[in-house]
Amino acid sequence: HNWARKSIEELTSLGLLRSVTVENYNPEANVTRAEYAKVLYLLKGLDMKNIDISKGYKFTDIAKHPFVDYIQLVGQTGLMLGTSPTEFSPEESLTREQLVAALVVLEGLTVPEKSLKSRFKDVAVSRWSSKYIEVAVDNGLINGYNDGTCDPKRAITRAEFSKIVYNTTMGQKLVKDLFNLDTF
């Protein structure tokens with residue numbers, strides 16, 4: 001996974017991704033939705049003091065999950081949607097379109113009401129994620145595969161995940177701050 005080595009090494013150094021070495025990173029494994037909630041929390045620099053659980057948890061399937069606070073906070077801030085209005089599905093694999101939609105929101109990019117075009121033969125303009133995918137491509141966060149597809153419903157691998165997160169403005173800022181010798 002030389003194509004993702006740099007992003008894996010730097011993001012694990014920051015503590016955004018679990019692992020000490022690339023060999024232990026398991027790049028072909030999938031990322032869960034709960035793991036992504038924690039990464040979004042860290043990227044955005046959210047504060048746990050801002051959690052409002054006065055009305056209970058928004059999602060009914062997270063109360064006993066170890067990442068419950070991260071999930072609750074990214075749900076409340078609108079960074080990540082549930083798989084339904086009442087469920088988050090924390091242990092489901094994160095899909096490429098779910099990742100992209102949340103990163104577009106994290107980056108504060110303008111999303112049109114609907115998509116007018118699709119660069120990918122497997123993403124219909126009527127698909128809920130098509131507008132996020134187009135914005136992400138336009139802003140250099142993602143690109144598709146060589147065969148002209150995006151495969152939005154496919155579970156994202158940890159290698160792909162690290163490369164895409166690394167490409168975000170927030171990811172680059174954290175990496176720059178970590179490796180900036182002037183700040184030591």
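All values below come from the heavy atoms of this structure, side chains included, with hydrogens, waters and symmetry mates left out.
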Are Ile62 and Met48 joined in one hydrophobic group, where the rule is that I, L, V, M, F, W and Y side chains link up if heavy atoms are under 4.5 Å apart? yes
Report the C-alpha distance between Asp69 and Ile51 in whole Å, list the side-chain angles of each, state the deciding distance to 0.1 Å, and finish with yes or no for side chain to side chain contact (heavy atoms under 4.5 Å, CB included). CA-CA 8 Å; Asp69 291 340; Ile51 293 178; 3.6 Å; yes
Are the side chain of Thr157 and the backbone N or O of Ala29 linked by a donor-acceptor pair below 3.5 Å? no
Distance-only, no hydrogens or angles: does the Asp61 side chain make a donor-acceptor pair with backbone N or O of Phe88 under 3.5 Å? yes
To check you understand the geometry: which heavy-atom pair defines the closest contact between Asn50 and Gln76, and what is its length? O-OE1, 3.8 Å
Going through the checks in order, is the side chain to side chain contact (heavy atoms under 4.5 Å, CB included) test met by Val135 and Thr110? CA-CA 8 Å; Val135 169; Thr110 302; over 6 Å; no
Let me see the working for Asp147 and Thr149 under side chain to side chain donor-acceptor pair (under 3.5 Å), right down to the final yes or no. CA-CA 6 Å; Asp147 66 356; Thr149 63; 2.5 Å; yes
Full working for side chain to side chain contact (heavy atoms under 4.5 Å, CB included) between Cys150 and Asp122: CA-CA 7 Å; Cys150 179; Asp122 61 342; 3.9 Å; yes
With a 4.5 Å cut-off on side-chain heavy atoms, are Leu116 and Lys114 touching? yes
Answer whether the closest heavy-atom distance between the side chains of Leu46 and Val74 falls below 4.5 Å. yes
Looking only at heavy atoms, what is the nearest atom pair of Ser7 and Ala4, with distance? OG-O, 2.9 Å
Find out if a path of hydrophobic residues (ILVMFWY) with successive side-chain heavy-atom gaps under 4.5 Å connects Ile71 to Leu81. no
Does Ser126 offer a backbone N or O that forms a donor-acceptor pair with the side chain of Ser130 under 3.5 Å? no
I'd like to know if Glu97 pairs up with Arg127 as an ion pair, taking the criterion as any Lys NZ or Arg NE/NH1/NH2 lying under 4.0 Å from an Asp or Glu carboxylate oxygen. yes
Would you say the side-chain atoms of Lys131 pair up with the backbone N or O of Glu113, donor to acceptor, closer than 3.5 Å? yes
Only one of Ile133, Leu109, Leu106 passes side-chain contact (heavy atoms from CB on, under 4.5 Å) with Leu141; say which it is. Leu109
State, to 0.1 Å, how close Thr32 and Pro90 come at their nearest heavy-atom pair, and which atoms those are. CB-O, 3.5 Å
Please report the interatomic distance OG(Ser162) to CG(Asn167), rounded to the nearest 0.5 Å. 9.5 Å
May I have the step-by-step check of side chain to side chain contact (heavy atoms under 4.5 Å, CB included) for Ile156 and Thr95, ending in yes or no? CA-CA 5 Å; Ile156 193 154; Thr95 65; over 6 Å; no
Salt bridge (charged side-chain N to carboxylate O under 4.0 Å, His left out) between Arg33 and Glu87: does it pass, once the steps are laid out? CA-CA 12 Å; Arg33 291 175 47 78; Glu87 292 186 347; over 6 Å; no
Hey, are Arg96 and Glu160 close enough for a salt bridge, meaning a charged N less than 4.0 Å from a carboxylate O? yes
Taking only residues two or more places apart in sequence or in another chain, which ones pass side-chain contact (heavy atoms from CB on, under 4.5 Å) with Ser118? Phe120, Val123, Val125, Glu134
For the residue pair Phe161 and Tyr36, categorise the inter-ring angle as parallel (less than 30°), tilted (30 to 60°) or perpendicular (more than 60°). perpendicular
Closest non-hydrogen atoms of Ile8 and Pro27, given as atom of the first, atom of the second and distance, are CD1-CB, 4.5 Å
Shortest non-hydrogen contact from Leu94 to Met80? CD1-CE, 4.0 Å
Answer whether the closest heavy-atom distance between the side chains of Glu35 and Val39 falls below 4.5 Å. no
Let me check something: do Tyr145 and Ile142 share a hydrophobic cluster, defined by ILVMFWY side-chain heavy atoms less than 4.5 Å apart, either directly or through other members? no
Taking the side chain as every heavy atom from C-beta outward, state whether Lys38 and Leu43 have any atom pair closer than 4.5 Å. no
